[in-house]
*Asks:* 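Before anything else, here's the structure in question.
Residue numbers begin at 1 in each chain, while the letters A, B, ... track the order of the sequences. This structure is a prediction, so every number in the text was calculated from the model and none was measured.
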Protein chains: 2
Amino acid sequence: MKWADVDTTHCGVAAATSIVGDRWIPLILRDVFFGVRRFDDLLTHIGVSTAVLSNRLGRLVEHGILAKVRYRSEGSRHRYEYQLTERGLDLLLVQLALADFGYEHLVDADKRLVDFVDRSTGQRVRLGLVREDGTVIGADSLGMQINEAAASEHQM
Amino acid sequence: MKWADVDTTHCGVAAATSIVGDRWIPLILRDVFFGVRRFDDLLTHIGVSTAVLSNRLGRLVEHGILAKVRYRSEGSRHRYEYQLTERGLDLLLVQLALADFGYEHLVDADKRLVDFVDRSTGQRVRLGLVREDGTVIGADSLGMQINEAAASEHQM
DNA sequence: CAGTATCCCAAGCGATACTG
DNA sequence: CAGTATCGCTTGGGATACTG
């Protein structure tokens with residue numbers, strides 16, 4: 001079966017893109033990953049309008065990617081912050097993939113703002129393709145297999 | 001230095017998002033990866049309008065992610081196809097990250113359309129965080145380091 | 001601080017028609 | 001086959017004002 005014949009209504013890329021496929025969401029997630037978690041801080045750092053930020057945060061909470069948490073720090077009054085859920089943490093790989101590509105091809109190497117490291121050793125970390133036995137392969141060795149049963153389930 | 005103080009005009013995620021951060025581009029790239037490379041095939045398989053497809057393909061060619069190639073198969077007249085460049089191949093990791101997230105959290109497991117495998121052994125392949133020495137770490141060991149020099153370069 | 005509400009313009013998009 | 005051109009509709013988004 002050819003990919004061109006597959007019914008893509010249940011495609012993972014399409015599903016993920018329906019949430020993350022937006023100019024603002026990746027920037028919001030990036031900032032949350034990096035510790036910017038309050039509405040106003042996101043607002044000024046990202047440079048987005050209140051309406052859009054409100055809308056996108058709502059969407060992310062609705063999809064279980066962020067959790068809106070009310071907290072009270074010493075002496076001051078309560079505040080809200082947006083925390084990554086476990087599901088949200090899984091989007092880290094998407095972020096990293098975007099960052100890798102951006103710094104590899106679009107931003108001057110000497111302007112690279114951030115490095116990803118292994119916290120225990122400080123070594124640089126990149127994204128890679130990992131087999132089940134833990135070994136790493138190159139992108140040119142990657143193939144794909146269509147799951148015939150699922151792919152034809154909703155065909156006419 | 002806090003991330004909230006970093007000037008993100010040269011951020012890799014932002015740069016990558018300015019190209020890929022769109023509802024159509026990931027679907028186009030997915031199809032091209034999987035062998036759908038002609039205008040009309042993309043049109044019908046993705047279900048996008050001619051204007052949008054034309055615009056996005058142009059953008060991808062302009063950014064050196066796809067190459068428009070004219071070819072002639074036996075006996076028939078010439079055609080065009082869009083091929084991934086080397087740069088485009090690097091976006092494979094973004095695609096895979098999106099697919100992983102989508103199939104993990106958004107699409108029923110029994111509806112998974114496609115598996116990614118190592119072509120030489122047929123083993124399933126997933127995305128992982130790889131240190132420079134080739135070993136793999138978990139997402140919970142990931143840290144980030146701000147590059148102070150670059151981050152403050154364009155600050156006032 | 002953390003938003004919601006409104007207004008109004010600009011961009012995106014599907015449908016359709018047309019060209020080499 | 002591989003697009004470009006045009007047309008209206010719908011959505012997105014900045015600016016601003018307002019609320020608990």
Side-chain angles (χ1 to χ4, degrees), chain A residues 2 4-5 8-9 14 17-29 31-32 35-63 65-84, chain B residues 2 4-5 8-9 14 17-29 31-32 35-63 65-84:
Chain A
K2 290 266 182 202
D5 301 323
T8 55
T9 43
T17 304
S18 73
I19 299 179
V20 177
D22 170 69
R23 250 189 355 287
W24 299 112
I25 299 263
L27 299 184
I28 293 171
L29 289 176
D31 269 25
V32 173
V36 184
R37 306 210 163 91
R38 294 214 317 267
F39 193 91
D40 261 38
D41 293 341
L42 290 164
L43 201 66
T44 60
H45 191 236
I46 295 177
V48 64
S49 71
T50 56
V52 170
L53 182 57
S54 175
N55 173 280
R56 297 304 193 277
L57 286 174
R59 214 188 283 182
L60 289 170
V61 168
E62 186 185 330
H63 283 92
I65 290 163
L66 297 181
K68 182 176 179 174
V69 177
R70 178 175 167 155
Y71 72 102
R72 181 189 310 268
S73 49
E74 289 305 312
S76 51
R77 66 190 188 79
H78 73 266
R79 290 189 168 170
Y80 294 99
E81 82 173 9
Y82 293 88
Q83 296 175 355
L84 279 170
Chain B
K2 290 263 180 201
D5 301 322
T8 55
T9 44
T17 304
S18 74
I19 301 179
V20 176
D22 170 70
R23 245 181 9 279
W24 298 112
I25 300 262
L27 298 184
I28 294 171
L29 290 176
D31 269 26
V32 174
V36 184
R37 306 209 163 92
R38 293 213 318 266
F39 192 91
D40 261 37
D41 293 341
L42 290 165
L43 202 64
T44 60
H45 191 236
I46 294 177
V48 63
S49 72
T50 56
V52 170
L53 182 58
S54 175
N55 172 281
R56 297 305 191 278
L57 286 173
R59 216 188 280 181
L60 288 169
V61 168
E62 185 184 330
H63 284 93
I65 290 164
L66 297 180
K68 182 176 179 174
V69 178
R70 179 175 166 153
Y71 72 102
R72 182 188 308 267
S73 48
E74 288 304 314
S76 53
R77 66 191 187 80
H78 74 266
R79 291 190 167 168
Y80 295 98
E81 79 173 9
Y82 293 88
Q83 296 175 354
L84 279 171

*Asks:* For the pair made of CG in B/Leu42 and P in D/dC1, what is the distance, rounded to whole Å?
*Replies:*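 My rounded result for the distance is 12 Å.
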*Asks:* Looking at A/Lys68, I'd like to know whether one of its side-chain N or O atoms comes within less than 4.0 Å of OP1 or OP2 on C/dG3.
*Replies:*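 For A/Lys68, the contact criterion (side-chain N or O under 4.0 Å from OP1 or OP2 of C/dG3) is met.
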*Asks:* For nucleotides 9-13 of chain D, give me every protein contact, N/O to N/O, under 3.5 Å, one pair per line with atom names.
*Replies:*
{"residue": "D/dG13", "atom": "OP1", "partner": "A/Trp24", "partner atom": "NE1", "Å": "3.1"}
{"residue": "D/dG13", "atom": "OP2", "partner": "A/Arg56", "partner atom": "NH2", "Å": "2.6"}

*Asks:* Round to a whole Å and report the spacing from CG of B/Leu53 to P of C/dA15.
*Replies:*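 These atoms are roughly 14 Å apart.
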*Asks:* Give a yes/no answer on whether the side chain of B/Arg38 brings an N or O atom under 4.0 Å of OP1 or OP2 in D/dA2.
*Replies:*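 Yes, B/Arg38 has a side-chain N/O under 4.0 Å of OP1/OP2 on D/dA2.
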*Asks:* List in chain and number order the residues that pass salt bridge (Lys or Arg N to Asp or Glu O under 4.0 Å) with B/Asp31, two or more places apart in sequence or in another chain; answer none if no residue qualifies.
*Replies:*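 With sequence neighbours excluded, B/Asp31 shows a salt bridge (Lys or Arg N to Asp or Glu O under 4.0 Å) to no residue whatsoever.
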*Asks:* Taking only side-chain N and O atoms of A/Tyr71, does any of them lie within less than 4.0 angstrom of OP1 or OP2 on C/dA2?
*Replies:*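 Indeed not, no polar side-chain atom of A/Tyr71 lies that close.
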*Asks:* Paired stems touching DNA chain C, three or more consecutive Watson-Crick or G-U pairs with both distances under 3.5 Å?
*Replies:*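 Paired runs of 3+ in DNA chain C: C:1-20 with D:1-20.
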*Asks:* Quick one: are A/Thr8 and B/Leu27 in side-chain contact, heavy atoms under 4.5 Å?
*Replies:*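 No - every pair of side-chain heavy atoms lies 4.5 Å or more apart.
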*Asks:* What I'd like to find out is whether the side chain of A/Ile65 reaches to under 4.5 Å of the side chain of A/Ile25, using heavy atoms alone.
*Replies:*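 A side-chain contact is absent here, since even the closest heavy-atom pair is not under 4.5 Å.
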*Asks:* In terms of side-chain heavy atoms of A/Ala51, which of C/dG3, D/dG3, C/dA5 is nearest?
*Replies:*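 When the side chain of A/Ala51 is considered, C/dA5 is the closest of C/dG3, D/dG3, C/dA5.
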*Asks:* Any pair with a residue in residues 43-52 of chain A that passes salt bridge (charged side-chain N to carboxylate O under 4.0 Å, His left out), sequence neighbours left out, goes on the list, sorted by first then second residue, please.
*Replies:*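 Applying salt bridge (charged side-chain N to carboxylate O under 4.0 Å, His left out) to every pair that reaches into residues 43-52 of chain A, excluding sequence neighbours, yields nothing.
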*Asks:* A/His78 or A/Thr50: which one's nearest nucleotide on DNA chain C is closer to the 5' end?
*Replies:*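 Nearer the 5' end of the strand: A/His78.
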*Asks:* Checking A/Arg72 now: which residues fulfil side chain to side chain donor-acceptor pair (under 3.5 Å) with it, not counting sequence neighbours?
*Replies:*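 None.
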*Asks:* Residues in side chain to side chain donor-acceptor pair (under 3.5 Å) with A/Arg56, at least two apart?
*Replies:*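 By the side chain to side chain donor-acceptor pair (under 3.5 Å) rule, A/Arg56 matches A/Asp22.
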*Asks:* For C/dG3, take OP1 and OP2 only and decide whether either is under 4.0 Å from a side-chain N or O of A/Tyr82.
*Replies:*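 Yes, A/Tyr82 has a side-chain N/O under 4.0 Å of OP1/OP2 on C/dG3.
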